[in-house]
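Basis for what follows: all heavy atoms, side chains included, without hydrogens, waters or symmetry-related copies.
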Amino acid sequence: MFHTRLRVVCESGFSELLIAEIAEVGFDSFLETDDGFEAYAEMENFNREALQHIKEKYEVQTTLAFHEDKIQKQNWNELWEKSYHAIVVDDRCLIRAEFHKIEETYPYELIITPKMSFGTGHHQTTYLMIKNQMDIDHRNKQVMDAGCGTAILSVMASMLGAKKIEAFDIDEWSITNSMDNIALNHCTNIHHQHGKLSELHFLEPFDIILANINKNVLLDEIKLYSDHLVPEGELLMSGFYTHDIADLAKAAERYGLFEKRRDEREGWACVVFVKAARE
């Protein structure tokens, strides 16, 4: 039996959006690559017209290429396991899948099975988020994980002592994946739901908001982040390049959010903003 393989070459910031869209037209397996990702579907069991619309939609926003071919059916789990390696963040946090056998011990250990969701620590933005999250005091704090993906940041928040974490994502398969990873890490203080921030309601403000999305979404939602933060609360953001920091900082200041520190890794950036105290 043969499968259709779609090799997608794109900027890293668009991979998550493209996977979400392509998953809706019939592709059901994904594999990250150095320059994008590969998507797989059974033969012609996908909507070719819808796939073309996706390409046309995003190629005006970023450099994008689709390469399609046919390959023999493989053991996708075995292939994925060979390509997915454990990672250590800042010598403090081990991120691994269930099948990894690691002898070394670290202060924190996260078990993450990504399936079709993004957030494994391998991408520079997730690495930066985890690294800087470990330097924020989460003890007894209310935390929001916006666009949670695999829920890796929610799990990290739970291990850092957060009182309660509200996690959400616009993609239903991310919520399913989140449930699995939350259970794998025995976290009991994470509430997850499907939806976007502008449509959700929360009873209490947050001490910490985590948002690893892309620049455009961050700019659209930054006012909402400020609205949901307590005075002197912290907003940790990534998903953008270092040259985007100025635009985000300018937008943040309009809503009383001021840069506390920044971090960079191979062209990608992470910034911690603090909400101004009440006068």
Using a cut-off of 6.0 Å, state whether more than 12 heavy atoms not belonging to Glu68 lie near its atom CD. yes
SB check Glu234 Lys141 (cutoff 4.0 Å): no
Can you confirm whether more than 12 heavy atoms, excluding those of Glu56, are under 6.0 Å from its CD atom? yes
Given the rule that I, L, V, M, F, W and Y join up when any side-chain heavy atoms are under 4.5 Å apart, are Met144 and Met237 in one cluster? yes
Within the 4.5 Å heavy-atom criterion, are Val272 and Leu235 side-chain neighbours or not? no
Are there more than 12 heavy atoms of other residues, nucleotides or ligands under 6.0 Å from atom CG of Asp69? yes
Do Arg265 and Tyr127 form a cation-pi contact, if we require the NZ or CZ to be under 6.0 Å from the six-membered ring centre and within 45 degrees of the ring's axis? yes
Any chance the rings of Tyr241 and Trp268 have centres within less than 6.0 Å? yes
Would you call Asn132 and Arg261 a side-chain contact if the rule is heavy atoms closer than 4.5 Å? yes
Assess the pair Phe168 and His194: is the distance between their ring centroids shorter than 6.0 Å? no
Flag for Ser158-Asn189: side-chain donor and acceptor within less than 3.5 Å: yes
With rounding to the nearest 0.5 angstrom, report the CG to CD distance, Leu51 to Glu49. 11.0 Å
Under-4.0 Å salt bridge between Arg262 and Glu259: yes
Among Phe66, Tyr58, Phe27, find the residue that satisfies the side-chain contact (heavy atoms from CB on, under 4.5 Å) test when tested with Val8. Phe66
Side chains of Phe206 and Val230: closer than 4.5 Å at any heavy-atom pair? no
May I ask you to check whether over 12 heavy atoms, not counting those of Lys196, lie within 6.0 Å of atom NZ? no
Hey, are the side chains of Leu229 and Leu257 touching, using non-hydrogen atoms and a 4.5 Å cut-off? yes
Quick one: do Glu232 and Lys275 make a salt bridge, cutoff under 4.0 Å? no
Regarding Tyr40 and Glu38, is there a side-chain donor-to-acceptor distance under 3.5 Å anywhere? yes
Are the side chains of Glu24 and Ile54 in contact, using a 4.5 Å heavy-atom criterion? no
With a sphere of 6.0 Å drawn around CD of Glu98, does it hold more than 12 non-hydrogen atoms of other residues, nucleotides or ligands? no
Applying the 4.5 Å side-chain criterion to the ILVMFWY set and letting contacts propagate, would Ile165 and Ile136 be lumped into a single cluster? yes
If you count every heavy atom of other residues, nucleotides or ligands that lies below 6.0 Å from Lys55 atom NZ, does the total exceed 12? yes
Does the side chain of Glu11 come under 3.5 Å of the side chain of Thr62 through a donor N or O and an acceptor N or O? yes
